[in-house]
Amino acid sequence: MFFIFCPLLNLGHALKRGIIRRRMNDKFLKPYNPAGTESRIYDLWEKSGYFNPDNLPARHKNPFCIVLPPPNATGTLHIGGSLMTVIQDIIVRYKRMVGFKTLWLPGTDHAAIATNAKVEKILYKEEGKSRHDIGREDFVAKVEKFVEENRGALRHQISKMGTSLDWSREAFTFDEKRNLAVRTAFKKMYDAGLIYRGTRIINWDPKGQTTISDDEIVYEEREAKLYTFKYSSDFPIAISTTRPETKLGDTAVAVHPDDERYKKFVGQTFKVNFAGAELQIKVVADESVDMEFGTGALGVTPAHSSLDAEIAKRHNLPSIQVINEYAKISLPIPGLEGEKTISAREKIVDWLKKEGLLIAEENIVQNISTAERTGGIIEPLPKLQWFVDVNKKVSERKNKSLKELMYNAVASGEIKILPERFDKEYFNWINNLHDWNISRQLWYGHRIPVWYRENDTYVGVDKPAGDGWVQDEDTLDTWFSSGLWTFSALGWPEKTPDLETYHPTDILETGYDIIFFWVARMILMSEFILGEIPFRTVYLHGLVRNERGEKLSKSLGDNIDPVSIGEQYGTDALRMALIVGVGPGSDSKLGNDKLKAYKNFANKVWNIARYVLSQENQGELKKELVEEFDTMAKDITVDMDNFRFYLAAEKIYHYIWHRLADEILEESKKDPSLLPTTYYLLQNSLKLLHPFMPFITEEIWSELPIKNKKMLMIENWPFDSAQGKPV
RNA sequence: GCGGGCUUAGCUCAGUUGGUUAGAGCGGCUGUUUUACACACAGUAGGCCGGGGGUUCGAAUCCCUCAGCCCGCACCA
């Protein structure tokens, strides 16, 4: 038997090899076809199970973790989102190859305010109705349906980028577990005295019908008129304002204590009739008044300006609300009640002119506050809301306030922000930080875990026992749940093995535009709730702009769809085009030239493989060429370890094309003794290139004649930076 | 008002801690349709590294200053 089988076996081997070679050559005869390759390769990766760190081979011991900044469930992945996934996938694939037990955890964000706004828009467009027309329950159901549809599409788009995410751990900021995390966090903060309810001047968005935080305000410069006038002919002091309609709620005029012009009036109260409103105006002296501005006297409107509210508090002045939630006059004054602020302003200016009270009218440029999501003009209003106290000292955190905890995490160097210049912006933001308004009058979002019954208030993780408890109507700022993301995604408040293993996470990679919204809030939450940092390094990427350098905006219709670009040029090419030459924090431009260049590069790599694999590959290696490669591999490894992916990508590109292909391969045509070396160099170059161009490298790798071959995605990185030598 | 960034080849941008003749992609020009690749190859032109001053043996790189563009925060009566 043995005697007969042996030659047969050999023949079988030879035949098999011949078949493999012929099949391979067929594939390699045509230019690289990403469309036909990418989904097949992605399936292979998923089936391998290696996206899940639990399935990685034994050498992957030390944990490494990135949580994906969850894209908004409102819509489709935009090009900025794909830049984010590409940078992270590069890091994660590199770390996995190096030998870390690598977890990259995916998720989506319910993005309360954005999703509300989006569905409200759709509802209005399709049915001509507002959310109030259909009611809370129906509206929330509509939003949930919308979100579910979008989440599936998002998952598909994200995986199209080649992302090696562990989908088995996917989380959603508004699923059961995350909702429990939010309620638990709220309760914990409330108990520590960090969350309180109070009436403050808040930013009201009349368009979105909700309060928003200071960070959700976008300032726009607009032309405005500054009016100088007296309330009435018998009032001694003139004041200036751009908003005469708010003056219906004035209760004082504030002057500087050193202002000689007005000293004699300080302490006096005047009764005036201002445009139909009976006002009692007290003259007070306050340091905050700028003597140089306008008349040096400030009409104090405690209900509609936070600065004025502070003055009012110091001088114990009453507050009269003039404007309601619909940005209309709420005072019962004939001719003004129910008027929009702008028309009320015109009427009052007319009245001032008629009465001869208007002293001056000048054009100025003013910063106007608008709501980031809806564009509505912000109306400062007094309202009962929930806040996070950022200045209160927390006993269980060494008597530090949230501000201090946030500040120290970065100032101590425990958290490193890249690029470093964002440190200053971060510190500056903290120094100007006020209490965080976390309640929203939106319907979709985490409901505030507070219940009321008559005069009782209950704050807890679950509804209290007994009848008659009514839950607070408001929902939480979406960034409240986002702030918990690094640990809620890992299973907190449950003490999960994942939480134990992977928190603090290693890198937080996101756009610099949400450093305050999100990065700072995550530090706040993690520092208070867990008493540790949420991540060690923050890597901030910039905006992707179009070829003309303009900011991409969906409304202008020039949004670049990453999936269709991937289909057109290949995802590997898109990844390179997004990453090469783009350092942290700097904006980049994506144009066809760049995409074409890397599509060509993919084809180049393809043809190198085709040529090398058609040649002899057994034999001695040329020592100098191996050493040269090792030097480059070391250089690239140092770049990778120092977050210079943009340089590393360029270096491997340059080596493969202009050194390996143009010089070494050409030389090997004259000197066939180099052929085994070219095979060796190709093999190792594929490893270095894999984090950047995972699809084509894995595809070529699958054709290499290696015994007991592993997938390229878990191959050893060719340089060991810990040992300082080639692997 | 406070803080930050950018200005390098025709275009878009790299240039890591100061160190030989400053790089890439695209574009231009001249060749090559050679059996890995025309999605290619060989070659070539093109830069007082925004202006000025300083430190240094040496500056695109560090310091000062001026100009233009951009961004964040604050003010906004």
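In what follows, every chain begins at residue 1, and chains take the letters A, B, ... in the order their sequences are listed. This one's a predicted model, so the numbers in the text were calculated from it and none came from an experiment.
- Here A22(B) presents its P atom at 16 Å from NE2 of H654(A), a figure rounded to the nearest Å.
- Out of A14(B), C75(B), A77(B), the shortest distance to the side chain of L298(A) is found at A77(B).
- Taking 4.0 angstrom as the limit, K594(A) places none of its side-chain polar atoms (N or O) nearer than this to OP1 or OP2 of G25(B).
- The base-pairing partner of G68(B), taking Watson-Crick or G-U wobble contacts with both distances under 3.5 Å, is C6(B).
- Using a 4.0 Å heavy-atom distance criterion, F422(A) is classed as making no nucleic acid contact.
- Base contact: R644(A) has a heavy atom under 4.0 Å from a base atom.
- Here the CZ atom belonging to R659(A) is positioned 11.0 Å from the NE2 atom belonging to H654(A), to the nearest 0.5 angstrom.
- At the heavy-atom level, K247(A) lies nowhere under 4.0 Å from the strands shown.
- Taking side-chain N and O atoms only, N607(A) has no distance below 4.0 Å to OP1 or OP2 of A40(B).
- C37(B) and G47(B): their C1' atoms are spaced 32 Å apart (whole Å).
- Using a 4.0 Å heavy-atom criterion, one finds that N431(A) contacts no nucleic acid atom at all.
- Among the atoms of the strands shown, only primed sugar atoms or phosphate atoms (P, OP1, OP2) are found under 4.0 Å from some heavy atom of D662(A).
- With P as the reference atom, G3(B) and A74(B) are 16 Å apart, rounded to whole Å.
- Under the Watson-Crick and G-U wobble criteria, each requiring two contacts below 3.5 Å, nucleotide C41(B) is paired to G31(B).
- Between Q366(A) and A77(B) there is a side-chain polar atom (N or O) within less than 4.0 angstrom of OP1 or OP2.
- Residue K424(A) has no polar side-chain atom (N or O) positioned under 4.0 Å from OP1 or OP2 of G5(B).
- By the 6.0 Å contact criterion, CD on E420(A) is open, its count of non-hydrogen atoms from other residues, nucleotides or ligands being 12 or less.
- Summary of the strand contacts: N428(A) and A661(A) both lie near RNA chain B, and taking for each the nucleotide with the nearest heavy atom, the more 5' one is attributed to A661(A).
- In this structure, Y569(A) places its OH atom 12 Å from C1' of C39(B), rounding to the nearest Å.
- As rounded to the nearest Å, U16(B) and C64(B) have C1' atoms that lie 25 Å from one another.
- Here W657(A) reaches the OP1 or OP2 of C41(B): one of its side-chain N or O atoms lies under 4.0 Å away.
- Residue contacts for V638(A): at a heavy-atom cut-off of 4.0 Å it reaches no nucleic acid atom on any strand shown.
- Figure legend: K669(A) and Y611(A) shown as a cation-pi pair, the cationic atom lying under 6.0 angstrom from the six-membered ring centre and within 45 degrees of its axis.
- Nearest nucleotide to the L647(A) side chain, out of G15(B), G5(B), C39(B): G15(B).
- Atom CD1 of I608(A) and atom P of C39(B) are 16 Å apart (whole Å).
- For E292(A) against A77(B), a side-chain-to-base donor-acceptor contact under 3.5 Å is absent.
- Per the geometry, CD1 belonging to I217(A) stands 11 Å off P belonging to C73(B), to the nearest Å.
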Can you check side chain to side chain donor-acceptor pair (under 3.5 Å) on D477(A) and W436(A), steps first, answer last? CA-CA 10 Å; D477(A) 181 2; W436(A) 173 19; 2.9 Å; yes

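- If you check every strand for non-hydrogen atoms under 4.0 Å, T242(A) touches sugar and phosphate atoms only.
- Under the 6.0 Å cut-off for aromatic ring centres, Y426(A) and F422(A) do not qualify, their centroids lying 6.0 Å or more apart.
- Atom CD1 in I417(A) sits roughly 19 Å away from atom P in G3(B) (whole-Å rounding).
- The pairing partner recorded for A59(B) is none, the criterion being a Watson-Crick or G-U wobble arrangement whose two distances lie under 3.5 angstrom.
- G23(B) and U30(B) have their P atoms separated by 25 Å, with the value rounded to a whole Å.
- For K604(A) and C37(B), a side-chain-to-base donor-acceptor distance below 3.5 Å is present, hydrogens and geometry of angles not being considered.
- Salt-bridge annotation for R243(A) and E379(A): present, with a side-chain N of the basic residue lying under 4.0 Å from a carboxylate O of the acidic one.
- Salt bridge absent: K347(A) and E245(A) never bring a charged side-chain N and a carboxylate O closer than 4.0 Å.
- Here A77(B) is the nucleotide among A77(B), C37(B), A14(B) with the atom lying nearest to any side-chain atom of L226(A).
- In this structure, K651(A) and K599(A) both approach RNA chain B, and ranking their closest nucleotides by distance from the 5' end singles out K651(A).
- Applying the 4.0 Å criterion to OP1 and OP2 of G25(B), one finds that H658(A) has a side-chain N or O inside that range.
- Residues from residues 507-524 of chain A lying near RNA chain B, meaning a heavy-atom separation below 4.0 Å, are F516(A) in numerical order.
- Nucleic acid contact class of A224(A) (heavy atoms, under 4.0 Å, all strands): none.
- Pairing partner, C73(B): G1(B), with both Watson-Crick or wobble hydrogen-bond distances short of 3.5 Å.
- Using P as the reference atom, C62(B) and C6(B) are 9 Å apart when rounded to the nearest Å.
- Separating the CD atom of E425(A) from the C1' atom of C70(B) is a distance of 13 Å, rounded to the nearest angstrom.
- Across all strands, I239(A) comes closer than 4.0 Å to no nucleic acid atom at all (heavy-atom distances).
- Residue contacts for Y646(A): at a heavy-atom cut-off of 4.0 Å it reaches the sugar-phosphate backbone alone, with no base atom in range.
- If you run ring pair (Phe, Tyr, Trp, His ring centres under 6.0 Å) between W606(A) and each of Y32(A), F695(A), F601(A), only Y32(A) comes through.
- Whole-Å rounding puts the R421(A) CZ to C70(B) P distance at 17 Å.
- I656(A) places its CD1 atom 15 Å from the P atom of A40(B), with the value rounded to the nearest Å.
- Spacing between C39(B) and U35(B) at atom P, rounded to whole Å, works out to 15 Å.
- Taking the P atom of each, U61(B) and A22(B) are spaced 14 Å apart, rounded to whole Å.
- Nucleic acid contact for I364(A): none, since no nucleic acid atom lies under 4.0 Å from a heavy atom of the residue.
- Taking atom P in both A38(B) and C26(B), the straight-line distance is 16 Å, to the nearest Å.
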